[in-house]
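I have placed the structure first, in the form of structure tokens, so that the comments after it can refer back to it.
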Amino acid sequence: QVQLVESGGGLVQAGDSLRLSCILSGRTFSNYAMGWFRQAPGKERGFVAAINWSGSSTYYTDSVKGRFTISRDNTKNTVYLQMNSLKPEDTGVYYCNARTTPRSSWGQGTQVTVSS
């Protein structure tokens, strides 16, 4: 079993920055591919960013390219999402995902609110 705990969310103004963290615990003997997803009010959960097991490859949805950076520190079992130039459209609950088997694992989510 793998547990994921997100932190770092909060209420900020447009243009500000936040850094989200996701700490893995439990059966962390493997370095899993990781991702960040978000869910805005009234919308379906959507993909934000992903990173492979080593951190050598990253992927982003178009709306966050150039503003968000996903990274990881496998020695700390932690994945990060650095969010710069935040926009109100970035508001939502951000969830961390690990590609564990047989099913992916999810954290509880952390709220990010960006005011105009």
| task | Start with the C-alpha distance between E6 and W36, add both sets of side-chain angles, then the distance that settles side-chain contact (heavy atoms from CB on, under 4.5 Å), and finish with yes or no. | result | CA-CA 10 Å; E6 303 97 331; W36 286 96; 3.8 Å; yes
| said: Would the distance check show the side chain of Q39 and the main-chain N or O of G92 forming a donor-acceptor pair, the cut-off being under 3.5 Å? | reply: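 No, the answer is negative, given that no donor and acceptor are paired below the 3.5 Å cut-off.
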So, do [X] and [Y] sit near enough that their side-chain heavy atoms are less than 4.5 Å apart?
{"X": "I70", "Y": "Y60", "answer": "yes"}
{"X": "Y32", "Y": "T101", "answer": "no"}
{"X": "S7", "Y": "T110", "answer": "no"}
{"X": "F68", "Y": "Q82", "answer": "no"}

| query | Same cluster for L86 and V48 if Ile/Leu/Val/Met/Phe/Trp/Tyr side chains link at under 4.5 Å? | reply |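 Yes.
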| request: Please answer: with hydrophobic residues joined when any side-chain heavy atoms are less than 4.5 Å apart, are L20 and V2 in the same cluster? | output: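 Linked within one cluster.
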Atom pair [atom1]/[atom2] of [X] and [Y] - distance to nearest 0.5 Å:
{"X": "L4", "Y": "I23", "atom1": "CG", "atom2": "CD1", "result": "10.0 Å"}
{"X": "S105", "Y": "Q1", "atom1": "OG", "atom2": "CD", "result": "7.0 Å"}
{"X": "T69", "Y": "N84", "atom1": "OG1", "atom2": "CG", "result": "6.5 Å"}
{"X": "E89", "Y": "R38", "atom1": "CD", "atom2": "CZ", "result": "8.5 Å"}
{"X": "N31", "Y": "N74", "atom1": "CG", "atom2": "CG", "result": "3.5 Å"}
{"X": "I51", "Y": "S71", "atom1": "CD1", "atom2": "OG", "result": "6.0 Å"}

| query | Among pairs that include at least one residue of residues 72-83, which meet salt bridge (charged side-chain N to carboxylate O under 4.0 Å, His left out), considering only residues two or more places apart or in two chains? | reply |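 Salt bridge (charged side-chain N to carboxylate O under 4.0 Å, His left out) check on residues 72-83 returns no pairs.
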For the student: nearest non-hydrogen atoms of [X] and [Y], plus distance:
{"X": "T91", "Y": "V114", "answer": "OG1-N, 2.9 Å"}
{"X": "R67", "Y": "S85", "answer": "NH1-O, 3.0 Å"}
{"X": "S104", "Y": "N97", "answer": "CB-ND2, 3.2 Å"}
{"X": "M83", "Y": "Y94", "answer": "SD-CE2, 3.8 Å"}

| Does a side-chain N-to-carboxylate-O contact under 4.0 Å join D90 and K87? |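 Salt bridge absent between D90 and K87.
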| said: Taking disulfide (SG to SG under 2.5 Å) as the cut-off, I'd like each qualifying pair that reaches into residues 86-116, sequence neighbours left out, listed once. | reply: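 Every disulfide (SG to SG under 2.5 Å) pair that includes a residue of residues 86-116, provided the two are not neighbours, is C22-C96.
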| request: Assess whether atom CZ of R45 is packed by more than 12 heavy atoms of other residues, nucleotides or ligands within 6.0 Å. | output: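 Counting other residues, nucleotides and ligands, CZ of R45 exceeds 12 neighbours.
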| query | In the hydrophobic clustering that connects Ile, Leu, Val, Met, Phe, Trp and Tyr at side-chain heavy-atom distances below 4.5 Å, which members other than Y95 occupy its cluster, ordered by chain and number? | reply |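 Reading the cluster by chain and number, Y95 sits alongside F37, F47, Y59, V93, W106.
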| said: Does T113 form a side-chain contact (heavy atoms from CB on, under 4.5 Å) with V12? I'd like the steps, not just the answer. | reply: CA-CA 6 Å; T113 303; V12 298; over 6 Å; no
